[in-house]
Structure formats: structure tokens, C-alpha cells
**Q** 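Supplied in C-alpha cells, the structure appears directly below.
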There are 2 protein chains.
Amino acid sequence: MVSVSNQEDAILSRLRGEGYKITPQRRAIVRAILSSDEYVTPELLLIKARQAFPSLGRVTVYRTLDILSQLGLLCTLHPEGHHPGYTLGRLDHHHHVVCSGCGRVSDFSEHGLEELEKRLSRETGFKIEGHILEFLGLCPQCQETNNEK
Amino acid sequence: MVSVSNQEDAILSRLRGEGYKITPQRRAIVRAILSSDEYVTPELLLIKARQAFPSLGRVTVYRTLDILSQLGLLCTLHPEGHHPGYTLGRLDHHHHVVCSGCGRVSDFSEHGLEELEKRLSRETGFKIEGHILEFLGLCPQCQETNNEK
DNA sequence: TACTAACTGAAACCATTTTTCATTTACTAT
DNA sequence: ATAGTAAATGAAAAATGGTTTCAGTTAGTA
Ligand SMILES: [Mn+2]
Ligand SMILES: [Mn+2]
Ligand SMILES: [Zn+2]
Ligand SMILES: [Zn+2]
């Protein structure tokens, strides 16, 4: 838990450094994202953050997500058929394994896409600037739950 | 152009085979997706298909996309910050390089994710069922346009 | 040439996100 | 501590993107 709190501080001081004010609303929102190992949608985030700050407005959630996104602090997930989800995590380049059952997210550092990227660049003529890589599956807990039925 | 037409026929006869009727609306929609090497959004698709069938309704576009998607004929793109886009293409498992300038899409067959998938499965305990892999960049044409300015 | 299940599109509806704006607040400089 | 100010907030309204409903139409068939 000490690491979660450190992460919270790091994010808040980054916000402060960029000239944003540290409001209790923003605290509650950041804390709510960090306190879950599942990704959150804006609506879910509103509900969670309101437990700490009940009068929180929906708009502020969207605005805070925008800011975090612009600062590159937010990980965006693309769960098939669902609305986009968000997590707050590491700052280095990484990717995600997402549980289709419960939304739990596990990160990993990428390996081996560099060769593929070079090949594609050569073969298609595209100047490649980025990529999305995401695995979808069932987390250990959800595998158990499914087997029990 | 003969290949585009073959593709169109293949898709339409697949629809017929599945018990769907071949209506002029569906023809226009399928043709509109195929006639572009850029991905289309539902709105764009409506506009394009209406050139061939002006009274086409927005709902029919969504319904046809649903059908094509269920049959596994539709490729879904996740362009950063934009709405999901669609193309019609190959039936085998493949991925996309998408131009962030104009939306042009180029496919490729994947190589080398199997090892990574095994590693992740082992390290995270997830039972991996699928993945998203997409490259983003500038197509040759858009690179030129950008350089000229 | 019927017949009928499938299909269509207008309209109403719904969920999500954005905009607007009057009020409040976090920070800065006294 | 206090006041001043730009930034932030939230209620409400509007916009956006997508879905449902339903009465009328049509593709495929027999
Ligand atoms: Mn992450
Ligand atoms: Mn494709
Ligand atoms: Zn799970
Ligand atoms: Zn391009």
C-alpha cells in the first residue's frame, strides 16, 4: 500500500508541477483509479470517487481524465464491445493483459515488436509512429469461477 | 478492380448462404466499404453508400455492420482518439497498419506473438484468448503532403 | 403470381460525453 | 492571516453516437 500512496503523490505533484491545482475532487479521482486493479470506466470512476467526495460532479471526472491523458499518465484499454477503460500506472512504455470477465489488468513490457515494425515500415512504406498491443483473456480468479459452475 | 468485385460477390454470397436477403441497401453498403482503402466510420459509410442508394437509412448501416461483424467479415480499427473504424478484408487472422493522417489501412500477417503470449500466460496466470495489435503511422502519401508544407 | 419472413427507415429513445456559465476555491502575493 | 485572481467546479442544457420500436415494404420461394 505504501507504493500506491507513492504513486498517488507522484501523480499529484506532477499535476502541481504542470500548474494544475490540487483539489479534493482530483485527489479522490486519482485515488479511485489507483485503488482498483481493474480498469475503470468514467461512470464507475464517478461512483468510486464519490465514496470519498460525494458531491463530485460527472464533468470533473471527464476533465480529470483528459488532463491525465494529456500528460501521458493514463493507460487506455480497448475492451472488445465495451466502453473504453482506464488505469493509472507506470510511466514507461508497456502493454496490458485484460480480463474479459472482471476487467483486471496486468501490465507487461513489450518485447520483439521492433523487428516486426521495421519489416512493416519497409514493406508498406508507412512511417510508423506507435502501436496498440493488448491481450485479452481470463484472469486466474475468473478461470476458477467459470470452472465451478 | 476485378478483385474488388470478386470480394463483393464473395461477401454477398456468404450473406445469401447464411439466409440473409440481398437488398440494394446491403449491396451499396458492402460496396462502399470495399471501394475505399481507408477505414470507414458508420457516419462516413452512410454518406458513401447514399451516393449509390440515397434513401438509405442510418439504422440499416448499423444493422449491416452488425451482421458482417458476427460473420467475422469485418475488421475493426481502434484509431487513437477517434471513433472505431471498419474495413472489409481477408478472412484469415491478420492485423493492420493505420494511417493517422488519412485512415488508409494496410494489413499484415502476424508473426512472433506466440512466444510472447506463452510467456504472459505463464507469468500472469491469465488464460489468453485473443489480442489486439495495431500499428499507427503515416502512409507514403501523407508523408509527402506533410513534407511539402 | 401470391405468400411470408426478412428487411427497411422514420421516429422515439437511450447512454455517454461536451458545452455553457454562474459560483466557488486553491494558490499567490501581499 | 488576507485579499486577489486565475483556475476549477457542478448543474443544466445540448450534442453525439448508437439502439429500439413499429408500421409498411420487399426479396426470395413455391
Ligand atoms: Mn498500464
Ligand atoms: Mn483487415
Ligand atoms: Zn477476471
Ligand atoms: Zn495517409
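In what follows, chains carry the letters A, B, and so on, assigned in the order in which the sequence lines appear, proteins first and then strands, with residues in each chain numbered from 1. Basis for what follows: all heavy atoms, side chains included, without hydrogens, waters or symmetry-related copies.
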**Q** Write down the distance between CG (A:L46) and P (C:dT18), rounded to a whole number of angstrom.
**A**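 That distance rounds to 15 Å.
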
**Q** Flag yes if B:V30 and B:V59 sit in one hydrophobic cluster, no otherwise; membership is Ile, Leu, Val, Met, Phe, Trp, Tyr, and two members link when side-chain heavy atoms are under 4.5 Å apart.
**A**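 No, because B:V30 and B:V59 fall into different hydrophobic clusters, even though each may have its own neighbours under 4.5 Å.
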
**Q** Any side-chain N or O of B:Y62 under 4.0 Å from OP1/OP2 of D:dT19?
**A**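 For B:Y62, the contact criterion (side-chain N or O under 4.0 Å from OP1 or OP2 of D:dT19) is not met.
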
**Q** I'd like to know whether CD of B:E80 has more than 12 heavy-atom contacts from other residues, nucleotides or ligands below 6.0 angstrom.
**A**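 12 or below, so no.
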
**Q** Residues from residues 74-89 of chain A sitting under 4.0 Å of DNA chain D, heavy atoms only?
**A**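 Per residue number, the list is empty: none.
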
**Q** Inspect the surroundings of CD in A:E123 and state if more than 12 heavy atoms from other residues, nucleotides or ligands are less than 6.0 Å away.
**A**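 Yes, CD of A:E123 has more than 12 neighbouring heavy atoms, counting only those of other groups under 6.0 Å.
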
**Q** Do the charged groups of A:R58 and A:E43 touch, with an N to O distance under 4.0 Å?
**A**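 The answer is yes: the pair qualifies as a salt bridge.
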
**Q** I'd like to know if the side chain of B:R104 pairs up with that of B:S36 as donor and acceptor (distance under 3.5 Å, no hydrogens or angles considered).
**A**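 There is no such pair (donor and acceptor under 3.5 Å, judged by atom type) between the side chains of B:R104 and B:S36.
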
**Q** Taking atom P of C:dC27 as reference, at what distance in whole Å does atom CG of A:L12 sit?
**A**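 Going from A:L12 (CG) to C:dC27 (P), I get 10 Å.
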
**Q** Are there more than 12 heavy atoms of other residues, nucleotides or ligands under 6.0 Å from atom NE2 of B:H94?
**A**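 It does: B:H94 NE2 has more than 12 such atoms within range.
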
**Q** Any donor-acceptor pair under 3.5 Å linking the side-chain atoms of A:E134 with those of A:H78?
**A**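 Note: A:H78 and A:E134 side chains meet the donor-acceptor criterion.
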
**Q** Between B:R16 and B:D66, which has a closest nucleotide on DNA chain D that is more 5'?
**A**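 The residue whose closest nucleotide sits nearer the 5' end is B:D66.
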
**Q** With 3.5 Å as the limit, what N/O pairs link the protein to nucleotides 6-13 of chain D?
**A**
{"residue": "D:dA6", "atom": "N3", "partner": "A:K21", "partner atom": "NZ", "Å": "3.2"}
{"residue": "D:dA7", "atom": "O4'", "partner": "A:K21", "partner atom": "NZ", "Å": "3.3"}
{"residue": "D:dA8", "atom": "OP1", "partner": "A:K21", "partner atom": "N", "Å": "3.3"}
{"residue": "D:dA8", "atom": "OP1", "partner": "A:R26", "partner atom": "NH1", "Å": "2.9"}
{"residue": "D:dT9", "atom": "OP1", "partner": "A:T23", "partner atom": "OG1", "Å": "2.6"}
{"residue": "D:dT9", "atom": "OP2", "partner": "A:R26", "partner atom": "NH2", "Å": "3.4"}
{"residue": "D:dT9", "atom": "O3'", "partner": "A:Q25", "partner atom": "NE2", "Å": "2.8"}
{"residue": "D:dG10", "atom": "OP1", "partner": "A:Q25", "partner atom": "NE2", "Å": "3.3"}
{"residue": "D:dG10", "atom": "OP1", "partner": "A:S55", "partner atom": "O", "Å": "3.1"}
{"residue": "D:dG10", "atom": "OP2", "partner": "A:G57", "partner atom": "N", "Å": "3.0"}
{"residue": "D:dG10", "atom": "OP2", "partner": "A:T60", "partner atom": "OG1", "Å": "2.5"}
{"residue": "D:dG10", "atom": "N7", "partner": "A:R63", "partner atom": "NH2", "Å": "2.6"}
{"residue": "D:dG10", "atom": "O6", "partner": "A:R63", "partner atom": "NH1", "Å": "3.2"}

**Q** Please evaluate residues A:E115 and A:R119 with respect to the criterion salt bridge (Lys or Arg N to Asp or Glu O under 4.0 Å), reporting the C-alpha separation (whole Å), side-chain torsions for both, the decisive distance (0.1 Å), and the verdict.
**A** CA-CA 6 Å; A:E115 276 309 308; A:R119 192 195 100 196; over 6 Å; no

